[in-house]
Amino acid sequence: MKTKEKAAGGPDTRTRIVRTASRLMQRQGYDGTGIKQISQEAEATLGSVYHFFPGGKQELAVAAIRHGDEEFVHELSAALDSEEDPAAAVLALSASIAAGLRASDWIDGCPITTTSLGTAGRVPDIQEAAAAAFARWRGLVHDKLRASGIAEEDAHALAHTVISTLEGAELASQVSRSVEPLEIAGRHLARLIALHR
């Protein structure tokens with residue numbers, strides 16, 4: 001039987017909880033985000049949170065990272081598919097990240113970094129989820145580079161360079177409240193990729 005919320009087209013309770021946790025942990029980190037705040041902002045009872053996530057905040061953080069991963073995969077795929085030339089595609093990606101960051105008033109950076117860094121060395125499940133997300137993003141970039149004829153070894157190294165550079169540039173843009181670090185990173189990555197074609 002459908003709930004009233006589902007029938008109205010809104011997200012179900014579990015989805016609201018995960019989305020809310022993802023947004024809050026992205027902004028406040030793992031330690032700065034409490035289950036009570038998540039339940040209040042998701043308009044869900046504490047009982048509902050623990051029903052869906054009996055492992056508590058740790059289990060919810062893993063789900064939040066996976067949600068952030070999925071969201072960024074859509075953005076990454078759209079940018080990579082927007083241009084046939086991988087250099088132009090990476091430039092489009094850096095512009096997309098910059099636009100999203102500026103639109104959030106510099107609040108919403110990487111969907112997984114803040115959560116995972118706050119648990120480094122303490123919560124292996126969260127670290128594994130974050131590592132899997134980064135690997136997935138590198139894989140998408142790698143496939144785009146290979147499809148353009150770049151050799152396997154170069155594509156592997158460039159994919160690491162692209163994701164790592166954009167991660168750092170996004171943080172620098174967030175801290176400085178300026179798109180300049182992302183714009184510069186995008187231009188230099190595009191030049192680097194062009195050298196390998």
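Treat the numbers as computed from the prediction; the structure is a model and nothing was measured.
H156 NE2: 12 or fewer foreign heavy atoms inside a 6.0 Å radius.
In terms of heavy atoms, V179 sits closest to A98 at CG1-CB, 3.8 Å. When all heavy atoms of A63 and V18 are compared, the closest pair comes out as O-CG1, 3.7 Å. Shortest non-hydrogen contact noted between S116 and A130 is CB-CB, 3.6 Å. Closest of all the heavy-atom pairs between A129 and V62 is CB-CG1, 4.1 Å. Residues G56 and I35 approach most closely at C-CD1, 4.2 Å, considering heavy atoms. Taking all atoms of both residues into account, the shortest heavy-atom contact from T13 to S48 is CG2-CB, 4.2 Å.
Shown here are the side-chain contact (heavy atoms from CB on, under 4.5 Å) partners of A87, two or more places apart in sequence or in another chain: D85, A190, I193. For D108, the side chain to side chain donor-acceptor pair (under 3.5 Å) partners two or more places apart in sequence, or in a different chain, are R27. Partners of S104 under the side chain to side chain donor-acceptor pair (under 3.5 Å) rule, at least two apart in sequence or in another chain, do not exist in this structure. L117 pairs by the side-chain contact (heavy atoms from CB on, under 4.5 Å) definition with T113, not counting sequence neighbours. For D31, the salt bridge (Lys or Arg N to Asp or Glu O under 4.0 Å) criterion is met by R122, not counting sequence neighbours. In this view, T114 satisfies the side chain to side chain donor-acceptor pair (under 3.5 Å) rule with no residue, not counting sequence neighbours. S77 pairs by the side chain to side chain donor-acceptor pair (under 3.5 Å) definition with nothing, not counting sequence neighbours.
Screening residues 55-64 for salt bridge (charged side-chain N to carboxylate O under 4.0 Å, His left out), with sequence neighbours left out, gives no hits. The salt bridge (charged side-chain N to carboxylate O under 4.0 Å, His left out) pairs that include a residue from residues 32-46 are R23-E41, where partners are two or more places apart or lie in different chains. Residue pairs that meet the side-chain hydrogen bond (donor to acceptor under 3.5 Å, both in side chains) test with at least one member in residues 169-183, sequence neighbours left out, are D105-R177. Legend: side-chain hydrogen bond (donor to acceptor under 3.5 Å, both in side chains) pairs involving residues 126-151, not counting sequence neighbours, sorted by first then second residue: D69-R136, D69-W137, E70-R136, T119-Q127, R138-H160, H142-E152, R146-E152. Pairs of residues two or more places apart, or lying in two chains, never qualify as ring pair (Phe, Tyr, Trp, His ring centres under 6.0 Å) while including a residue from residues 18-65.
Taken together through direct or relayed side-chain contacts under 4.5 Å among Ile, Leu, Val, Met, Phe, Trp and Tyr, L145 and L91 form parts of separate hydrophobic clusters. Tracing side-chain contacts under 4.5 Å through hydrophobic residues (I, L, V, M, F, W, Y), one reaches L46 starting from L60; they form part of the same cluster. Hydrophobic clustering (ILVMFWY, side-chain heavy atoms < 4.5 Å, transitive): L171 and I112 are in distinct clusters.
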Using side chain to side chain contact (heavy atoms under 4.5 Å, CB included), reason through T115 and Q26 one step at a time and then give a plain yes or no.
CA-CA 6 Å; T115 305; Q26 177 182 19; 5.6 Å; no
Would H188 and I184 count as a side chain to side chain contact (heavy atoms under 4.5 Å, CB included) if you check the C-alpha gap in whole Å, the side-chain angles of each, and the deciding distance to 0.1 Å?
CA-CA 6 Å; H188 282 275; I184 291 171; 3.6 Å; yes
Hey, mind stepping through E75 and I97 against side chain to side chain contact (heavy atoms under 4.5 Å, CB included) and telling me if it holds?
CA-CA 8 Å; E75 181 179 357; I97 294 170; 3.8 Å; yes
Please lay out, stage by stage, how S94 and L166 fare under the test side chain to side chain contact (heavy atoms under 4.5 Å, CB included).
CA-CA 7 Å; S94 67; L166 290 178; 3.8 Å; yes
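Put simply, the side chain of S96 never gets that close to the backbone of A92: no donor and acceptor are under 3.5 Å apart. Checking side-chain atoms of Q58 against main-chain N and O of I126 turns up no donor-acceptor pair under 3.5 Å.
For the atom pair I17 CD1 and S39 OG, the distance stands at 8.0 Å (nearest 0.5 Å). Here CD1 of I38 is found 15.5 Å from CZ of R19. Values are rounded to the nearest 0.5 Å. Atom CZ of F72 is separated from atom CG of L93 by 5.0 Å, given to the nearest 0.5 angstrom.
The shortest distance between side-chain heavy atoms of V141 and L76 falls below 4.5 Å.
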